[in-house]
Amino acid sequence: MMKDGVRVPSAQKAGSRKRFWTNAAVRPTADGLFGVELDGRPIRLPGGAVLCVASVALAEAIAAEWAQAGGEKGGMFAPDDLPMTRITGSMIERVAPDPGAQVAALLQYVDGELLCYRADYPAQLCTRQQAEWDPQLAWLRARHGIDMAVTQGIMPLVQPQGVQAAWQELLDRLDNATLAALGVMVPAMKSIVLGYAVATGALSAARAADIASVDELTQMAIWGRDEKQVETLRLLTAEVEDAARFLRLCHTA
């Protein structure tokens with residue numbers, strides 16, 4: 001433990017830990033931000049920074065998840081019990097120091113955009129991909145002027161240079177909170193289009209997760225329910241919904 005704070009468990013370290021605090025509370029800071037304290041001691045992120053945010057709504061949500069994690073002192077908790085804390089930590093320690101690096105990481109998903117890789121069989125999957133994915137690409141084209149190429153099969157597709165430049169322009173305009181949220185949603189769905197749609201309010205998190213899961217849902221419709229796959233999709237939806245909630249809280253006064 002630290003003398004001047006309590007450190008957030010790293011997301012890279014899997015497994016449960018014992019709850020060592022009783023109370024979690026929001027504390028305003030001298031510079032107008034909001035921190036969260038556990039039994040009067042400030043939360044510190046894995047890199048050592050004190051957790052402070054501009055939104056009291058986000059701070060209250062972080063305090064609430066710490067109040068619930070593990071049930072009571074001595075109970076077990078895991079990093080997955082603290083989604084708002086984890087995304088906030090990413091925003092503070094990874095995105096804020098170098099937003100350009102986060103933009104570059106997101107741009108890597110442009111050529112691998114899920115919606116641009118189509119199956120050529122079975123017919124049911126082809127039809128469903130077209131019905132669910134074409135409208136999202138049409139929205140991107142109409143709203144943002146980005147016309148992404150589409151291919152069939154798994155051979156790598158390189159999008160036109162103008163597409164990459166247009167995406168860079170869009171991402172460069174975003175604040176740190178949105179970049180942090182996209183850093184969760186885009187890898188989870190393997191789609192920068194769907195992540196951006198959720199971040200800008202064009203799609204709900206649940207709807208975007210369903211669209212991203214067309215292949216899996218169609219396979220189960222053909223071959224039958226797969227409980228392991230159902231759980232994977234549930235976790236995907238939860239991850240996207242957590243990121244969307246984080247973004248709403250960040251932008252709530």
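- Arg128 is listed as a side-chain neighbour of Leu217, based on a closest heavy-atom distance under 4.5 Å.
- A distance of 7.5 Å separates CG in Leu170 from CG in Leu140, rounded to the nearest 0.5 Å.
- Considering every non-hydrogen atom in both Ala199 and Thr178, the closest pair reads CB-CG2, 3.9 Å.
- Rounded to the nearest 0.5 Å, atoms CG (Leu58) and OG1 (Thr88) are 4.0 Å apart.
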Query - Audit row: Ile222, Gln124, side-chain contact (heavy atoms from CB on, under 4.5 Å) steps and yes/no - result: CA-CA 9 Å; Ile222 295 172; Gln124 185 174 342; 3.5 Å; yes
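- Here the straight-line distance linking atom CG of Leu114 with atom CE of Met189 works out to 9.5 Å at 0.5 Å rounding.
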Query raised in the report: Do Glu227 and Gln229 pass the side-chain contact (heavy atoms from CB on, under 4.5 Å) test, and can you show the C-alpha distance, the side-chain angles, and the key distance before you say yes or no?
Result: CA-CA 5 Å; Glu227 293 302 330; Gln229 190 66 263; over 6 Å; no
**Report entry** side-chain contact (heavy atoms from CB on, under 4.5 Å) between Asn23 and Leu38, intermediate numbers included
**Finding:** CA-CA 6 Å; Asn23 298 310; Leu38 305 181; over 6 Å; no
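- Distance alone, capped at 3.5 Å, places no donor-acceptor pair between the Trp66 side chain and the Trp21 backbone.
- Hydrophobic cluster membership differs between Ile87 and Leu194, with clusters built from Ile, Leu, Val, Met, Phe, Trp and Tyr side chains linked at under 4.5 angstrom.
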**Report entry** Trace of the side-chain contact (heavy atoms from CB on, under 4.5 Å) decision for Leu182 with Leu247
**Finding:** CA-CA 9 Å; Leu182 287 175; Leu247 197 51; over 6 Å; no
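- Within the structure, salt bridge (charged side-chain N to carboxylate O under 4.0 Å, His left out) pairs that include any residue of residues 50-62 do not occur (at least two apart or interchain).
- Between the side chain of Trp133 and the main chain of Cys116, no donor-acceptor pair closer than 3.5 Å is present.
- Applying the ring pair (Phe, Tyr, Trp, His ring centres under 6.0 Å) definition to pairs two or more places apart or across chains, those involving residues 161-192 are Trp167-Tyr196.
- Listed by first then second residue, pairs satisfying side chain to side chain donor-acceptor pair (under 3.5 Å) with a partner in residues 99-116 read Asp111-Gln164, Glu113-Ser191, not counting sequence neighbours.
- Asp134 meets the salt bridge (charged side-chain N to carboxylate O under 4.0 Å, His left out) test with Arg118; sequence neighbours excluded.
- Side-chain contact between Leu236 and Val240: present, with at least one pair of heavy atoms (C-beta onward) separated by less than 4.5 Å.
- Using a 4.5 Å cut-off between side-chain heavy atoms of Ile, Leu, Val, Met, Phe, Trp and Tyr, with links allowed through other members, Ile146 and Val193 fall into the same hydrophobic cluster.
- The salt bridge (charged side-chain N to carboxylate O under 4.0 Å, His left out) search around Glu239 returns none, not counting sequence neighbours.
- A salt bridge (charged side-chain N to carboxylate O under 4.0 Å, His left out) check over residues 27-40, counting only residues at least two apart or in different chains, returns the pairs Arg27-Glu37.
- Between Glu241 and Arg245 there is no salt bridge, since none of the side-chain N atoms of the basic residue sits less than 4.0 Å from a carboxylate O of the acidic one.
- We find that Glu231 and Arg234 are joined by a salt bridge, their nearest charged nitrogen and carboxylate oxygen being less than 4.0 Å apart.
- Smallest separation of non-hydrogen atoms from Val198 and Ala208: CG2-CB, 3.4 Å.
- Minimum interatomic distance between Thr252 and Ser55 (heavy atoms only, all atoms of both residues): O-OG, 3.1 Å.
- Among residue pairs with one or both ends in residues 25-56, none qualify as ring pair (Phe, Tyr, Trp, His ring centres under 6.0 Å); sequence neighbours excluded.
- Residue pairs meeting the side chain to side chain donor-acceptor pair (under 3.5 Å) criterion with at least one member in residues 137-147, sequence neighbours excluded, are Arg141-Asp147.
- Listed by first then second residue, pairs satisfying side chain to side chain donor-acceptor pair (under 3.5 Å) with a partner in residues 197-210 read Glu132-Arg207, not counting sequence neighbours.
- Within a 6.0 Å radius of CD in Gln161, no more than 12 heavy atoms belonging to other residues, nucleotides or ligands are found.
- The shortest side-chain heavy-atom distance between Ile211 and Leu203 falls under the 4.5 Å cut-off.
- Proximity of a side-chain donor or acceptor of Arg44 to a complementary backbone N or O of Gly47 within less than 3.5 Å is not detected.
- Residue pairs meeting the ring pair (Phe, Tyr, Trp, His ring centres under 6.0 Å) criterion with at least one partner in residues 225-248, sequence neighbours excluded, are absent.
- By the criterion of side-chain heavy atoms lying less than 4.5 angstrom apart, applied directly or through intervening Ile, Leu, Val, Met, Phe, Trp or Tyr residues, Leu33 is not grouped with Ile62; the two fall into different hydrophobic clusters.
- Taking a 6.0 Å sphere around CD of Gln68, one finds it holds 12 or fewer heavy atoms contributed by other residues, nucleotides or ligands.
- Cluster membership check: Leu249 shares its hydrophobic cluster with Leu51, using side-chain heavy-atom separations under 4.5 Å among Ile, Leu, Val, Met, Phe, Trp and Tyr.
- A distance of 9.5 Å separates CE in Met91 from CG in Leu45, rounded to the nearest 0.5 Å.
- Remark: Met185 CE to Asp242 CG distance equals 11.0 Å, nearest 0.5 Å.
- Using modelled atom types, no side-chain atom of Ser90 and backbone atom of Arg86 make a donor-acceptor pair closer than 3.5 Å.
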Acceptor/donor pairs from residues 69-84 side chains to any protein atom, 3.5 angstrom cut, sequence neighbours excluded:
unit_1	atom_1	unit_2	atom_2	d
Asp81	OD2	Ala78	N	2.8

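- His251 and Ala177 make their closest contact through NE2-CB, 4.4 Å (heavy atoms, listed as atom of the first residue, atom of the second, distance).
- Gln219 is linked by a side-chain hydrogen bond (donor to acceptor under 3.5 Å, both in side chains) to Trp223, counting only residues two or more places apart in sequence or in another chain.
- Here the closest non-hydrogen pair linking Leu157 and Ala149 is CD2-O, 3.3 Å.
- Linking ILVMFWY side-chain heavy atoms closer than 4.5 Å, directly or via other members, places Leu125 and Tyr117 in two distinct hydrophobic clusters.
- Side-chain contact check for Pro42 versus Val36: every heavy-atom pair is 4.5 Å or farther apart.
- Leu115 CG to Lys190 NZ: the interatomic distance, rounded to the nearest 0.5 Å, is 12.5 Å.
- Listed for the Gln129 side chain is a donor-acceptor partner under 3.5 Å among the backbone atoms of Ala119.
- Across every non-hydrogen atom of Asp226 and Met220, the tightest pair is N-SD, 3.4 Å.
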